[in-house]
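In each ligand, atom 1 is the first atom listed, and ligand 1 is the first ligand listed.
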Amino acid sequence: MTRGRPELLEAGDETIDDAVRHADPMVLRGLLYQLTGDEELVDVPLAMTVVGGCREMYRIAERSDVERIRAKAAAFLREYRDSGAGDLPIGPRERLHRSLSLTAGVEVDPRELELWVEELALDPLARGLRWPEGTPPEGTADFSVLVIGAGMGGLNAAALLKQAGIAFTVLEKNSAVGGTWYENRYPGARVDSPSRVYTHVYGVDFPHPYPYCPQEVNEGYFNWVADTFDLRDAIRLHTEVTSIVWDDAEQVWEVTAEDLDGTRTWRANAVISAVGFLSRPNIPKLPGIEQFRGRWCHTARWPADLDLTGARVAVIGTGCTGYQLIPEIVADAEHVYVFQRSPNWIYHAPGYLDPYPDQVTWLDRNLPYLTNFSRFSVSYMQRPQNTLTALLVDPDFADEHAVSAVNKAIRDERMAFLRKKLGSRPDLLEAMTPTAPPMSARPVLVDQDHSILDMLLRDDVTLETRGVRRVTEDAVELPDGTRHEVDVIVLATGFRANDFLWPMEVRGRGGRRIEELWAKDGARAYLGSMLPGFPNFFMVYGPNTNTLSGMQVVDMEELTTRFALESIAGLLEQRRRSVEVTEDAYWRFNGVLDAAEQFMTYMDPRQSNYYQNDFGRSAANNPLDTRLLWNWLRDPAGRRTADAPLEIDETLLDQYDAVHPRFGADLVVE
Ligand code: NAP
């Protein structure tokens with residue numbers, strides 16, 4: 001056994017006892033069971049609470065059992081320390097089903113075990129490619145992939161292409177990697193998904209000092225990915241792709257980009273576009289902005305030298321970004337004017353802004369596999385069975401403000417929080433109460449005691465709901481002529497979310513433009529990734545991949561990337577040149593999407609945001625149970641499960657059977 005974990009080797013018993021007191025006992029229980037098989041961990045009474053109107057959460061009912069599990073964990077850790085703290089095997093694979101179920105508090109459906117073991121992230125390359133012979137097939141050296149974007153999706157594609165031995169180049173418009181987390185540097189920028197599930201499966205041990213990490217930690221993570229997988233040489237920064245055109249004769253993509261020296265062209269067999277969809281700022285045309293003598297910016301282009309000390313600031317836009325920014329600037333600014341068109345439902349999380357106690361991060365580093373089981377626990381809480389109901393409209397539910405019993409429970413909770421905060425100010429309470437039901441827009445996560453609501457009560461913050469008529473040299477003017485003199489205008493007005501791939505020119509077979517394909521009702525894709533007539537073109541975080549239940553953004557990016565990589569591997573192994581989805585399959589999949597979308601809260605007519613496009617549908621969101629997507633996206637070339645039929649919950653069978661993402665079925669290979 002190799003000796004390791006110097007920090008643990010140095011630790012006294014009291015450090016260990018103190019650390020385990022900060023751990024989630026359910027996580028400790030499953031992890032210890034996996035490592036030791038201790039049957040005393042099994043029969044422990046649990047209590048269930050419903051969180052957020054629909055999520056069933058289990059905890060250990062008796063304090064004495066919590067203490068007992070913690071004592072076992074401490075004893076285990078002391079013994080591990082005393083034995084040298086070296087490599088520790090995870091224990092029998094057959095035990096995982098029970099260990100995960102003990103962590104979750106309910107039995108994990110055995111049909112879903114592979115999915116959840118992937119989420120457990122024991123295998124860092126669980127969502128990468130594996131070659132049966134261990135090396136890529138002959139001909140791989142003649143195949144190249146061009147990846148567009150070096151953010152969360154592009155870096156992952158690059159890392160897994162590199163690991164698979166497939167040649168690739170990444171083109172990135174910015175001067176650094178990180179995508180969204182490089183660009184969004186406004187004060188207060190931080191993730192609102194739990195950081196435990198905001199890394200790729202290979203990033204499970206990346207240190208998370210916070211439950212919800214701020215921008216700089218997230219940006220640091222993406223730099224870590226670039227360094228860990230040694231990707232820097234393959235990434236061309238300052239290189240913005242302007243066009244992608246399929247060459248029918250040669251069966252390759254011609255990719256044109258602008259870099260610091262001018263225009264350059266690449267030819268590649270496949271393109272993976274990882275440009276994101278919350279990427280291009282939405283800059284509204286504010287009449288008069290050109291005469292404004294102060295400074296103005298969009299939140300995603302925050303100037304490094306913008307000092308708000310003593311400034312009068314207008315913030316226009318109140319989505320996640322606006323609500324996140326405002327509490328961070330009020331202390332410096334002389335006055336903040338908040339221009340709100342529509343309020344958003346606010347969800348508070350105690351300690352949203354706080355770092356973890358040192359004991360948590362110490363235990364993450366020193367108790368083997370704790371980060372894996374913690375990640376699984378957080379991820380499983382979000383499983384579709386636990387979260388999808390919050391999004392579903394119940395046609396038989398009659399209520400003016402809510403669309404289902406669950407939705408009403410969520411609304412009641414949110415209203416209680418609003419009343420608690422703004423009860424003394426009926427004017428603000430009214431202004432901050434959305435008319436559309438909860439979950440019809442992106443939920444905005446805030447700190448319990450340091451949120452926009454607390455800020456609105458300050459004398460130096462003014463909420464304006466009357467709109468903006470124009471900007472003058474020194475003020476924002478309202479429709480009734482009222483002027484608010486300001487020094488800085490911040491546009492927190494979001495992104496051109498429905499302009500997928502914009503402003504790139506994308507042309508497929510026969511020169512067909514992407515706009516023609518999407519003319520009917522906006523951007524669509526097959527499984528969020530593929531387009532008919534655009535062979536070997538794959539999107540990561542493409543149309544309808546914003547899942548609101550079950551999978552996180554990172555998961556969907558990993559799954560769509562796996563779909564691309566498995567497709568490419570299938571081509572290489574079968575010595576074919578191209579794969580594309582049929583037009584029929586594209587529409588069949590979209591039919592399944594459209595049918596499911598009818599029951600989604602986010603289609604509520606009282607709502608208008610990027611969840612709905614100009615054609616009255618969502619090009620962004622995915623209404624399906626994410627277990628379907630996981631199954632569909634896993635094996636297009638039949639490399640992984642050629643003989644084994646996939647198993648899926650019977651309630652999903654109709655949807656599942658309508659889509660056949662396999663070479664020779666929905667996918668045509670040449
Ligand atoms: P957003 O949700 O699209 O909100 C844009 C805001 O600007 C809305 O309040 C909108 O009002 C307003 N607006 C747009 N055009 C306007 C105009 N011409 N005049 C006045 N107001 C205008 O954008 P976002 O807040 O940047 O968030 C976008 C997405 O990024 C989020 O949904 C989330 O997915 C992601 N995000 C995540 C985090 C996080 O992880 N913590 C943080 C920030 C953003 P209406 O609602 O009336 O249209």
Which residue and non-hydrogen atom of the protein lie closest to [atom], and at what distance in Å?
atom: atom 6 (C) of ligand 1; result: Ala492 O, 3.4 Å
atom: atom 17 (C) of ligand 1; result: Arg341 NH1, 3.3 Å
atom: atom 41 (N) of ligand 1; result: Arg190 O, 2.5 Å
atom: atom 20 (C) of ligand 1; result: Ile316 CG2, 3.8 Å
atom: atom 37 (C) of ligand 1; result: Arg442 NH2, 3.9 Å
atom: atom 1 (P) of ligand 1; result: Gly494 CA, 4.1 Å
atom: atom 44 (C) of ligand 1; result: Thr321 OG1, 3.4 Å
atom: atom 8 (C) of ligand 1; result: Thr318 N, 3.8 Å

Below 4.0 Å, non-hydrogen atoms only: which portion of [X] touches ligand 1? Side chain, backbone, both or neither.
X: Asn546; value: neither
X: Asn184; value: neither
X: Phe495; value: side chain
X: Tyr610; value: side chain

Between [options], flag the one that comes closest to [atom] by a heavy atom.
atom: atom 4 (O) of ligand 1; options: Ala497, Gly319, Pro214; result: Gly319
atom: atom 45 (P) of ligand 1; options: Ser342, Pro443, Ser193; result: Ser342
atom: atom 36 (N) of ligand 1; options: Ala189, Gly467, Cys320; result: Cys320

Would you say [X] touches ligand 1, if touching means a heavy atom closer than 4.0 Å?
X: Tyr611; value: no
X: Asn609; value: no
X: Leu286; value: no

**Results of side-chain hydrogen bond (donor to acceptor under 3.5 Å, both in side chains) for Tyr380 - residues two or more places apart only** =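 Tyr380: no side-chain hydrogen bond (donor to acceptor under 3.5 Å, both in side chains) contacts found.
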
Number the atoms of ligand 1 from 1 as they appear, then name those within less than 4.0 Å of a heavy atom of [X], with their elements.
X: Leu278; answer: 29 (C), 30 (O), 34 (O)
X: Tyr186; answer: 42 (C), 43 (C)
X: Gly317; answer: 6 (C), 7 (O), 9 (O), 12 (C)
X: Asn282; answer: 14 (C), 15 (N)
X: Gln324; answer: 41 (N), 42 (C)

**Request:** Considering only NZ, NE, NH1 and NH2 on the basic side and carboxylate oxygens on the acidic side, decide whether Lys408 and Glu400 come within less than 4.0 Å.
**Result:**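 No, no charged N to carboxylate O under 4.0 Å.
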
**Asked** Does a salt bridge link Glu183 with Lys173, judged by any charged N lying under 4.0 Å from a carboxylate O?
**Response**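 Yes, charged N to carboxylate O under 4.0 Å.
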
**Request:** Could you say whether the N/O atoms of Asp192 and ligand 1 ever approach to under 3.5 Å?
**Result:**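 N/O-N/O distance under 3.5 Å: yes.
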
**Asked** So, is the end of the Arg196 side chain (NZ or CZ) under 6.0 Å from the ring centre of Tyr198 and within 45° of the ring's axis?
**Response**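 No, a cation-pi geometry is absent between Arg196 and Tyr198.
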
**Asked** Going by atom types only, do Tyr186 and Gln324 share a side-chain donor-acceptor pair under 3.5 Å?
**Response**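 Tyr186 vs Gln324: donor-acceptor pair found between side chains.
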
**Message:** Checking side-chain polar atoms at under 3.5 Å, does Tyr526 have a donor or acceptor matched by the opposite partner on Asn590?
**Reply:**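 No, because no side-chain N or O of Tyr526 sits under 3.5 Å from a partner of the opposite role on Asn590.
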
**Request:** Evaluate whether atom CG of Asp459 has more than 12 neighbouring non-hydrogen atoms of other residues, nucleotides or ligands under 6.0 angstrom away.
**Result:**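 No - once you tally the heavy atoms of other residues, nucleotides and ligands closer than 6.0 Å, there are 12 at most.
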
**Asked** Parallel, tilted or perpendicular for His348 and Phe417, by the 30°/60° rule?
**Response**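 Plane angle under 30°, so parallel.
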
**Item:** Mutual orientation of the aromatic rings belonging to Phe339 and Tyr337 [parallel < 30°, tilted 30-60°, perpendicular > 60°]
**Value:**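 Rings of Phe339 and Tyr337: tilted, as their planes differ by 30° to 60°.
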
**Request:** Please assess Ile329 against Asp332 for the test side-chain contact (heavy atoms from CB on, under 4.5 Å), listing each intermediate value before the final yes or no.
**Result:** CA-CA 6 Å; Ile329 61 172; Asp332 287 342; 5.9 Å; no

**Asked** Got Met57 and Asn386 here, is their nearest side-chain heavy-atom distance under 4.5 Å?
**Response**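 When only atoms from C-beta onward are counted, Asn386 and Met57 do not touch, as no gap falls below 4.5 Å.
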
Without placing hydrogens or testing angles, list every side-chain donor-acceptor pair under 3.5 Å for residues 277-289, not counting sequence neighbours.
residue : atom : partner : partner atom : Å
Arg280  : NH1  : Glu240  : OE2          : 3.2
Arg280  : NH2  : Glu240  : OE2          : 3.2
Asn282  : ND2  : Thr493  : O            : 2.9

**Prompt:** Counting N and O atoms only, with roles assigned by atom type, does the side chain of Asp474 sit under 3.5 Å from a partner on the main chain of Arg293, one being a donor and the other an acceptor?
**Reply:**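 Not at all, since once roles are kept as given, no pair shorter than 3.5 Å links the two residues.
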
**Any donor-acceptor pair under 3.5 Å from Asn156 side chain to Gly153 backbone** =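 Answer holds: no.
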
